Every structure is written in structure tokens, then in C-alpha cells.
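Model, not experiment: these values are computed from the prediction. Residue numbers start from 1 in every chain, and the chains themselves are labelled A, B, ... in the order their sequence lines are given, proteins ahead of strands.
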Amino acid sequence: GSPQQAAGGGSDGPLKVGIIYSQSGPLASYGQQYADGFKAGLAYATQGTGKIGDRTVEVTYTDDAGDPAKAVAAAKDLIGKGYKVLGGSTGSGVATQLAPLAATNKVLFVSGPAATDALTGLNRYTFRSGRQSYQDVQTAKAYLGGGHKVLVFAPDSAFGKSNVEAVKAVIGSGGATVDSIAVPPTATDFTPFARQAKAAAPDLVFVAWAGTTASAMWQALDQQGVLASTTVVTGLDIRATWPVFGAAGSRLHLLAHYFDGATDNPAEQALAKAVPGGKTDLFQPDGFAAAQMMVHALQASGDDVDKMIGALEGYSFDSVKGTLTVRAEDHALLQPMFQAKMSGADTATLTDTIGADAAAPPAAAMKG
Amino acid sequence: MILSVHDLSVTLGGSHILQGVSFDVPPTGITALLGRNGVGKTTTLRAVLGEIPATGSVDFGGVPALGRPTHRLVRDGLGYVPEDRCVFAGLTVAENLRLAVRSQDPDFRTVFGLFPELKQRSDQSAGTLSGGQQQMLALARVLLNPQRLLLIDEPTKGLAPAVISAVAAALERMAERVPMLLVEQNLAVVRRLARDAVVLAAGRVAWHGPTEELLGDPARTRDLLGVGSTVRRP
Amino acid sequence: MTHPALAVDGVSWHAGTVPIINEVTLTVGPGEFVALIGPNGAGKTSLFNVVSGLRRPSAGRVLMGGADVTRLAPHKRARRGLGRTFQTSAVFGSLSVAENVALAVQAARGGSMRPWRRRSDRQIAAAAREVLDQVGLGELGRKAAGSLAHGQKRKLEIALLLAAEPRMLLLDEPMAGVSAEDVPALAEVVRGLTAGGRGVLMVEHHMEVVLDLADRVAVLHHGSLLGCDTPDAVMADATVQRAYLGEAL
Amino acid sequence: MKALIPLVLAVALPWSTLDIPFLFDGPLNSPGTLQLLGVCLVFGGLALGYDLLFGHAGLLSFGHALFIALGAYGVGILVNHFYWPLWTAVLLAVAGAAIAAFLLGAVALRVTGIALAMVTLAFAQVGWIVVNRDPGGLTGGEEGLPLGPAAVPGFLVGVANTVNLYWLALAFLVVVVAIVHGIRRAPLGRVLTGLRDDERRIAVLGLSPYRIKLATFVLAGALAALGGVVYVLLTGGATPYLASTDLTLSLIVMAVLGGAGTRWGALLGGIVYAYLDQRLTHVGGSLPGPLGQPLFVLGTLFVLAVAFVPGGLAGLRRRTLSATAS
Amino acid sequence: MSTVVLLTLTGLGLAALYFLIASGLSLVFGLAGVLNFAHGLFLSVGAYAGWFVATHWALGPAIPVGVAAGAATGALVELVVIRPLYRRPTEQVLATVGLSLAGVALLQSIWGADPRSYPRPAWTAHTTGVLGAQVPDDRFLLIGAAVLVLAALLAFLRWTRYGLIIRAGVENRAMVSALGIDVRAAFTLVFTLGGALAGAAGVLGGMYFGSVSPGQGAGLLIFAFIVVVIGGLGSVTGCAVAAVAVGLLQQFVNYYGTSGAGDVSVVALLAVVLLLRPGGVAGKVTA
Ligand SMILES: Nc1ncnc2c1ncn2[C@@H]1O[C@H](COP(=O)(O)OP(=O)(O)OP(=O)(O)O)[C@@H](O)[C@H]1O
Ligand SMILES: Nc1ncnc2c1ncn2[C@@H]1O[C@H](COP(=O)(O)OP(=O)(O)OP(=O)(O)O)[C@@H](O)[C@H]1O
Ligand SMILES: [Mg+2]
Ligand SMILES: [Mg+2]
């Protein structure tokens, strides 16, 4: 016999969808939001039936613990069992390893919160349901006003570098000079770097920082007078991290992928009703949109991945964040972005909305 | 009897080393524990001290000793000088001694009187002492405190003849105050010090009686210990 | 002319700033048995450490068969035929007694770094067994060396030496802790070590054994050599009497 | 010869459609199960290779992950950025790791014990820092370096070919077993044990402890790199985890769990650990409280194993054998 | 000039943090011979205990509660895990590795993986001008605490016999018992102390970082290890000297050197020290 036979899915059984995300590990709370959003989105897109036509959508949720190797193992397992539609990837590391796997096995992959720009235009089989770094930076650019000297304060890591790249591409192309301070991700004292930032005297500081040391980092920037002397822009993370800004919070210019109160539309109301506590948060819209995209793809065909891709390319739909469009050339997800201010430790107020077109990354050719 | 050992059995690493050893140590004088290499002398001492699991019964000063933690027995006055000296190599001589002090009034005078070297070397780390010096340190540690019984394992091993006589003299003087159970290969030392002797063979007591009776009878000595009793003077 | 098996030439050694050995000069000829005696702490073991290469002398030279080995690492000296035992037994505790000896045999024959087996490895085991019989450990071959009683370890040390077939031997108190019954037999083993022109330098406090075996006796005191003479002459020396032998038991 | 039975079983396994509920999610020959088993086999080999250093020669290295990462990233970089053919890249990466092991070992092995552990830890830490900083865009930083599928031979690409990756993992394990067991029984094995017991003694027998240790270090480094390569092929890419101290610690855990310094201990430990790690992640979400955290279960299990099963799984087996015999 | 002052003072603050973390590690390692990988866990337990009290009750008791929680964890770990393994030193270290894995996961399952913001006295967020440099006040708190801990530890080792008992106990536990000393109690004490120090470091570290997360302690551990080893195993003074060296080196290299050079320079320092003096700064040179 053959050492291995892939199980084929029948054409009238349930529609199988696999969601691979972080249930445990350091990104578990992001993962939780994503999954909550996905469930709400699935109910919304199928009008609460959980069915497409007369076939039920059967979702398998798998943990990757934030480890790409485990995500790959889970994906192989699901693909081997005949799954044609995968979603998930809380972190960029997972997304960059799942995407090639989707292409080689010709299954649809709708990536989740992972923000890395590298995913856009990577291959035909990969889509994204969240924003990418480039869109963050486009949002930050609006704060620059007439200034022309920009400093990126970011960790010396792939995440930091991709932010520097994006700022150079977005803002640098507009004539401003872009410098960067690459801070070791393991740093425990930020005084030297804050001091360097102050000494550079930029018109705008773009801070890209995530992780457990954020609070100390903000305090150092504040104490060395960076916040007082220039415009500091940064992204708004999930609500649980807001207190981390500390005293710095109210003086920051925030760019937001999403926060509770940024929008008000039927999808948002459906999401708010579905999530625990009724308060929506950063990554729930990504899950919501992923479910909407998958339902649309599965409506086009339950088994033929090429037809699914065809249906998604150019697809425009109303979601939590407003109207989202899948750009046909490179599968970038065009979406509105938000600017906000903190008032107090736990309230963010919307100050401006950047339209989907204004925030759009330049179109790239599909690589594979 | 200060120490009564009854039917002591020990199994180590699957082999039955002691198979019912019984003997008594009288409350005065020195009792020698003899026997050829590997017969279980050290094992006997360590079992009495509670360092290795054993069955049978051991009675120290009228109180059952088996099963009690070693440090309690020692605090009740059971001193131990181990075979391989076990000085703390990383500690200085002074620290080794300080560690051993239990009483309010440690007897440093006796110790330094016996072993003046230790005083000179008090800041040297014990690991760099010569073999003989380490032995002196090990003896010194038990001499600091008042004791009710000493278990001493081959105290003259590796010592120069002159030091052997010094140690023997020291043991003799100590024996006036505390009884001892002494493991010793040097029969000249045994003859001079020990009043009674216990000979182990094949995991059991092969002979128990006054030392004179053992060493005074060449046939018996050869029989039990495998050597002539006329120990040549160095 | 034939060179001495071992020549120690004006060797001094300091532990930090403390002088331990002072300008010791001593030779051991091929087939000669020299005993080294001296009070505890005289520096006998330290001298062995210098000779075997575990310590660097601060002055002087060590020669083997006429060749200067002062700067050689311990294993290089061993390969030139220098073997030693340790005052506190140093055997390989987790190997069996037979494996201990087999290790020494293979070290002597080369190929120890060979990561594969050969048929000829059987011969190593056979040679090991022979050596064990020689020192009277034949029945304990399968026992873990770590669980041996003290006296048994001493014998194993000698077996390790014999297996390596050295040309010059340093023995540090081989009789210490050996039961009276076994001393004569072990002494015979030690006596046989000089066979085939092997030089032996032995530290020992058992005077019967020293007097019985040694061709010459060297006396070390406070790190200096007091002299090196026939056993009888040394025994008669008043300084030795006072410093080392003490009064009779 | 008894060792051949598991080998035969392992070889025959992909032909079996047996479905073992709870232990595995699908039949034995399903891609998911084969992938899981493949990873187990790789870790079995990695743990056994590490045990050559740790259990057999008594060298506590905290930097083993460095060599795994050298293999993994070496291949990834050569293939992705310099477009080398895979097999040449593998050869070069493994050789490179062996050279690195030689150079680092030459320095680190001048010290022993805890100092050795710390020097190797320091070297590996530099490796980890470098990998994370993504120098020149080569390593992909914390996001990792996916292996471009174009560079990999067709028979290793795609879920349908998972079985071939399984063979590859098995082959790696067999290679490691052959080498480590060969050494154990050869003269070198005895010398390693002697070295673990008393280094000074080895020297006065005429053997150079330094050279023996260095040779072992290099060999173990090369095996680690090979394992890193197989791991990358199996999982599709290198991640910074491969360069982390956590991985080295896991290897130690595996070796001890199974029984360090024994014949099959480390191998068994590696397989069991990798299996639990993956399965617990898989079923984790459905368990309450801390039980949902795979690391909690693994860590606790490990502490219990250390406390109550001295000698690890290998020791357990020996004891049950002797218990049933008597 | 003001830059140098700022870097020096904040470097000393960093050194103080390292010392606070490393001192407990060094004590346990130097005395009990256990390379305690669970020290990071003790730290996190202390930090969370302090956090819990500070957010639910009052800021004042946060430090004592954190210290007590760390001490209790240390004692518990010694009694339950370390003590039964004392004949197997490698396994002791390994057990702490297991504990650190399990413990962090446990904390995560209770309080989640995300950092929680840490309450602290308002004055710690202010700065003081020193020769033109704005030095954050919390650094003075750290430095003060570190000096206090150093003095207390030195007094403990100097005036009590425990230092001796434990050093001897590591070498030959049976022999210490044979001198009539309850060596087990002494070991428990050392772990309790180590835990208490970790607890203090946890709370102060939480205040310094302004947040606490389950992996925080473990993350800081690697530098603490480096400090302990450079300082010479178990030497408290050596540990303090090493902490200062590492803190200042890292701070200055981070400012004047290229990115990432700070960490690498510290690692390089470790390698050089170990190769030149395998016993660490305070250790004796071994041949
Ligand atoms: N841990 C152990 N495992 C197995 N056997 C052991 C162990 N410890 C000791 N033995 C064996 O027990 C026997 C008695 O050992 P012991 O040390 O008591 O002898 P001894 O009479 O003191 O000998 P010596 O005169 O050489 O000191 C020896 O044969 C030894 O090999
Ligand atoms: N590293 C060191 N530091 C200080 N003193 C040392 C060192 N090593 C050895 N000594 C001292 O040197 C002297 C000689 O020691 P050695 O071990 O050579 O004596 P020995 O002659 O072998 O004595 P024994 O017969 O008792 O074994 C001793 O006084 C010892 O304390
Ligand atoms: Mg004995
Ligand atoms: Mg000596």
C-alpha cells in the first residue's frame, strides 16, 4: 500500500475551517480576542445559522502557543485531514511560516492580527484580515504636520526594523528625513536611549514598542523631556495595556487599528453584543473580518480553492472598522485607521479617522 | 555499657555487608574494632551514627539510637572521626574548628597542645593541608567538645611514625576521660591502647574479648587477623 | 651511559608565596627502588605533583631518561612512561573495577580516542583480568569501583599503574589503610614493580615496608632533602630519629 | 538486536492506518500524526546527541542550542539568500557548526564545571542576540526564517509528502544512535566515563583530557547542527527558539527525564518530552486552569520525575524489571 | 558632562537592580551550591504578591508582603523539592529548572500573560537635577535598597555561623551532621533568605519597571547569572562589584556604542573574566 493517503473531504459534508492561534503562550490574550471576534463574525455573516447553504461550517480551533513549529504541525494535521480553509496566526512569526505552507498545499489562508508587511503580496493563497505596519505608519504621518525631521524609536528586532522601513517609505518619501534609534529589546534601563532621542531634537518621534518593559520606556522618555519637547506618536495596544502609559498617556498622539468607540455600525454592535463584557477591543475586528471573508469565499465554492481566491480578490464588505476591501493585486486589506487621545488611564477618544485609501499601502506585485 | 549493638544488619548496593553484628562498648577505655579490608568496619560505625540505613538495634547511653538523626546523636555526645578525614577542603583550618564547636567552652588548649601545627596553619584552607595535617584536624574537631563516646576510624592511617606515637599518646590521654570505639589497622597501636577488641569477619563478629587474649596468642591472631602478633618495631 | 629513569634537579615549588619545596635534587636509576620518607607536611606529595606535571616548579628541572620534561603536560609525561598513584585513591567510581583497568590498558596501547570497536579490544579485557589477578582483585572485576572498601581501592590504584606498563613509578603511600593481613602480599606486588628496569619512587610511612623494599631512602624535611642513603644508614641517623621516627610505641 | 524491533516498527509505521484514539488525532499514517512523530524523533536524536556531552562525558554545556541554530539558520540563509542547492547547504552548515564548535570549545573547555556552563551560556547568548537582531535581514529576527519552498526538493514539499520528512527524521535519529552507541561501546566511551569521574586521573594515565573533551564537543556540535537542519525541513523554517537557552534547558530536561548517561534514556526522554509538549498544546485549551498551560504540566511532571524517579525513565524500567524478577 | 553624570547614576541604579536580583541567587548558589533557576519565579511571586496588596489594599505593606511571599516560596521549595534531592546536586538544579517552567505558566494562568501596571509612590516618578542631569528618583530608591541589602548580608555572613555551616554542608553534608549540626534547617534558612531577597527585588523591580508580568523575573535572571558568576560564586561583595561593573558597562556602551553592543559587551566581559579567573573576580586563581 501507499505509506500515506490524504483523506479527501466529501462535497456534501460540513465545511471545515481550521483556526490556528495562541490559546496559551505570551500572546494568549491577543489570541482570545481574535477567537471571540471570529465567533461573532461567523454568526453575523451566516445570520446566526452557522451554515452556508445547507452545509454547516465546522470550525476547529487549535493552539499554537505562539510557536511557529507547532502552528506548522497543526496546519499539516488539518490540511492532511482535508481542510481547505485555514485562519489564525496571532503573531507575525507564525504567519510567515504558515503562508508558504498554504501555498505549497494550495489551501486558503486568512492571516489574523500578525502585522508584518511581508505577508502582503507573498502568494495567491494568503490573505489578511487585520492591518499591516504600513497602515499604522500612514496614520502616524498625519500627525507630522509641517515638520520634516522624524525619529523612529523602536526595538532592534524584526518588528522594529519593519517599522523603520515603513516610516522611511511612507514619511521619508514625502521629503522628511528619517532617523532611528534601535533599542535592544532586552534593555532594562532606557535612559541612554531617551537621552539620545532628546539630543536628536526631532519634530516627531514615532515609537514602536511592545512588551513588558513599555512602562519603564515611557517613563524614561517622559523624564528625559522627550514628551515635553516634541510630538510623540505611538500605536494603541489592547485595553489591558493602557495603564502602562502611566503619566505619559495623555500627552501621546495615538494611532489606532481599533478601539472600543472608534466606530458605530451594525457589525460593531453585533460584535459588542457577542463579546464578554460588551466591550470590544483591538483584535476582535480581525477575527470578525476573517469570518466574513471565509464565509464569502465558501459561498463561492465549498471545495475549490481557486474559486475562493477569485471571490475574495476585490471583495469589499462592511465590517466592524467600516468598509474593508481586499485589493486584488496583492491581497492587502484596505481599511480605515484611527487617531486617538487618552483621557485618564482607561478611556480613549477618537480624534480623527484616516480613510481606507489614505492609509493604503502601495500596491505590490504578487510574489508567488 | 555506653554502646550496645545488637544484630546490626546493613545492605548496600544489593550486597549484605553486615549480617547481624552484636557487641558492647564499655563506658571506659578503648575498644578496638578490627578486621581485614572491606569487612565492614566503617560500615558499622556509619550505621551506628545513623548515616546509612540499618536494621537491628543500637543502644547509646541507654537510649535507642537507630532512626535518630545523626546530628541529635552527636549532640548527645557521640563524636565521630571518619576514615577519609572529611575535613572541609574549602574552609580554612580555623573555620573547620569553629564549625565543630558546640560547647560554651571549647577546649582549644588541649587541641593546640596536641597539634601545634594547626595553630600555625589556622588560615590555610584545609584542602591544601598534607594528609597527616588533615588527620590532625579531623581529630581536633572532636576534641573540642565534651563527648560521651568517640567513634574513630583509622586515625593513624597515613601518619608518620613520630606522629603516630603522638596521636596514640593523645588517644590514650583522651581515653581517660571518654570511651572510644576505635578502628585501627596498626596492631602496635591497638596493643598499646585497646583493652577490648572486636574482630569482624564475613559480616559477623568473629571474636570479642580482651585485646591481650587476642594479640597475646599468636595462633589466634594469625587465625583472625592473618598476621603474626609480633609486630616489628619500626 | 644509561640515564637515570628519573632525575629531579634543583626543583623548588611555592604555593602562592609560601615555599613548600626547596631545591630538591634526587635521581632514581633504572630498576632502582627509592623510598621517600619525611614527616607529614614535608612536601612529599607536592614533589610528586611537580614530577608528574600537575604543578609547575618555580625553579629546577625534571628529567626522564635524560630528556627534560619540565614543561610537558601530565598526559605527555605519562606517555613517556611516568605513572603515579594518589594519596587519596583516585579511581573511576562509575566504571567497574575491570573497566578501570581496561581503560588504563587502552591508554597505554593507544587508540583511546577511537570511536569504534575492534576485535582486538578483547585482548584489552584479557590483559585487564591478568593485572587484576596480580593484585588480588580478580573476583571483584564487575563491582563498581566507587563502592569498593578503602583497601580495595588502594589495590585498584596499583592495578591501574601496572596496566599502563610505565617505566618510572611514583607511589604515594600505597600501604595506607591496607589491612595488616594484606600488607605482605601487596608489598610483594610493589617489590615486583622494579622488574624489567623500572624505577620506583615511593612515599610510605610503613617503615617495615620501606626497610624491606627500598634500595635507598631519601628523607624530606620542611621541603628540603636531608639526604638519600641506604636504609640502615638512614635509620641510624639521629636527625631522622628525632624528626621522623619518634619514640617507640 | 532487541534494539531492532522498535526500528522495524518505526519503519513500518507509515503503512499503518491504525487509529489510536486520545494518543493521536488521526490514523498513524495521517500527515498530522507523522509530523508529530517526526518532531518527536528529531528531539529524541537531539537529546541523545546532547547526552553524549552531558550524561556521558559529564560536560554541562548551556550552549548546545547555538549549534542547533547554526545548522538551522545556516541552511536557511544559504538556501534563501544565496540560493544554494539544499544538500550542499546542509553539508556546509554542518561543517560550519563543527568548526564553530571547535573554536568555541577550544576556548570554553579551558575551564570546567559551572564555569564551563556559564561560558557556553554566554556564547550561546550572543548567538541568540544576533539571531534576534536580524543582521542584514538574514535571520528574520524574532519572526524567524521560513525556508523558501522553491529551494527544497519536491519530495519534501507539501503535506502529502510529510511521510518523507518522517523518514528523514528517523534517519537522523538512526545516525545519532549509531554514533553515540558506537562510541559508548568503543574505547572512547570508556575514556569519557573516566573523564566524568576523575579528570586528573585520566591525565596521569597518559590521555589528554582537553583533546578528548574537545573532540566530543565538536562531534556533539555537528550532530546538533544536523538535527537543526532536519528540524527546519520538518517545520518549514527556523525560529529564534532554536538559539535560545530555553531549548538547551529543554534538552537537559529531556536527558534527565529519560535518564542521563544511559543507553536509551535521553532518546526516550526526548521523544516523550516532545510528544507531551505538542499534545498538551493541542488539547490544552480544553483543560481547566493551569492545566491548560502545557509548560505548567511539563514543568510539574519534570519536577515529579526528578524527585520520584531517579535515573529517569531508564531507571524506572530497570526497577520494574528487577521488581518483577524478584 | 551631564550625560556622563546621568549615565553613571542610572548605571548605578541598574547595578543596584542587578545586585538585588543577584544577591539572593548568589547566596543560594554560593552557600547551598544550587544554581537556582527558580529564582526568577521567586522574584515574580514576590512581585505579584506586592502588586496584589498594593492594588487591593495599600502601597505601604507591598514590600514586606512581597518579601514574605518570596521567603515563603523559597522555604517551601527547599522543603518540598530541594531537600529530598540533597544527595543528587545536579537533580536539584534540574528541579529548579522544572519549577521555573511550571511556575511561570502557573502565574500566567492566574494573572494572564499581559503586564499589569505596578502602583508605586508618586515621588519615584519625579527626577532630581544633579549637575545638569535629570536623574529619576527611583534610582536612588534602588541604590539605597541595594546598599542596605549588601550591609545586611555581610552582617549575616560575618556574625552568624550559618555561612560556615552551609559552605561546609555543600562539601560534605553527612560530615556536618556528624559534627552535631542540623544542616537541613540551615539549608532551609538559606533558601528562605534567598526567596526573601528575591521578593524584595521583585517588588522594587515592579516599581522600577512600572509593570509586572509572569516572565519578568525569568527575563532578568540571565543578567543576574552573569553578575553572580563574574562576582565569584557566592561572594556577596564580589557580586556587588560585578553588578556595578556590569551596570555601568552596559549603560555606557548602550549610549556610546552601536545598538546591541551593551548586551554583547557584558557577555564578553563574562567570558573574559571566566577564562582568566575561572573562580570569578572574588575567586582564587586556580591552576
Ligand atoms: N555504597 C556501597 N555500595 C556497595 N557496596 C559498598 C558500598 N559501600 C561499601 N560497600 C562495600 O561494603 C564492604 C565494607 O566496606 P567498609 O568500608 O565498611 O569496609 P572496612 O572494613 O571499613 O574496610 P577498610 O579497612 O578498607 O576501610 C566493602 O566490601 C565495600 O565494597
Ligand atoms: N596550595 C597550597 N597552599 C598552601 N600550602 C600548601 C599548598 N599545598 C600544599 N601546602 C602545604 O605544603 C606542605 C606539603 O604538603 P604535602 O601534601 O606535599 O605533604 P606530604 O609530605 O605529602 O605530607 P603527608 O605525609 O602528610 O601526606 C604542607 O604543609 C601543606 O600544608
Ligand atoms: Mg574502613
Ligand atoms: Mg602526602
Discussion item. Ring centroids only, cut at 6.0 angstrom: are E:F37 and D:F62 within range, meaning strictly under it?
Written reply: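 Centroid separation for E:F37 and D:F62: below 6.0 Å.
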
Is [X] close to chain E through its backbone or its side chain, or both, or neither, when contacts mean heavy atoms under 4.5 Å?
| X | answer |
| --- | --- |
| D:V297 | neither |
| D:F296 | both |
| D:V119 | both |

Sort [X] into side chain, backbone, both or neither according to what part of it lies under 4.5 angstrom from a heavy atom of chain D.
| X | result |
| --- | --- |
| E:L85 | side chain |
| E:I110 | neither |
| E:Q108 | both |
| E:L270 | side chain |
| E:I226 | neither |

Discussion item. For E:A95 versus D:V306, what's the shortest heavy-atom pair and its separation?
Written reply: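 Looking at all heavy atoms of both residues, the closest pair is CB-CG1, 4.3 Å.
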
Discussion item. Minimum heavy-atom separation for E:V267 and D:V126, please, with both atom names.
Written reply: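 Heavy atoms of E:V267 and D:V126 come nearest at CG1-CG2, 3.4 Å.
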
Fill in: Test log, rule side-chain contact (heavy atoms from CB on, under 4.5 Å), inputs E:L101 and D:L298
CA-CA 8 Å; E:L101 298 179; D:L298 273 175; 5.8 Å; no

Does [atom1] in [X] sit with more than 12 non-hydrogen atoms of other residues, nucleotides or ligands closer than 6.0 Å?
| X | atom1 | result |
| --- | --- | --- |
| D:W128 | CH2 | no |
| D:Y210 | OH | yes |
| E:F252 | CZ | yes |

Discussion item. Which one wins on heavy-atom pair count under 4.5 Å against chain D: E:G103, E:A268, E:P84, E:G98?
Written reply: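 Option with the greatest count: E:G98.
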
Practice prompt. Considering only heavy atoms and a distance below 4.5 Å, find which of E:I222, E:V266, E:L35, E:V81 pairs most often with chain D.
Written response: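 It is E:I222.
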
Worksheet item: What option among D:T245, D:L121, D:L249, D:V130 has the most heavy-atom pairs under 4.5 Å with chain E?
Response: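 Most pairs with chain E among the choices: D:L249.
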
Discussion item. Is there a side-chain contact (heavy atoms from CB on, under 4.5 Å) between E:V264 and D:R133? Walk through the geometry before answering.
Written reply: CA-CA 12 Å; E:V264 175; D:R133 299 285 154 88; 5.8 Å; no

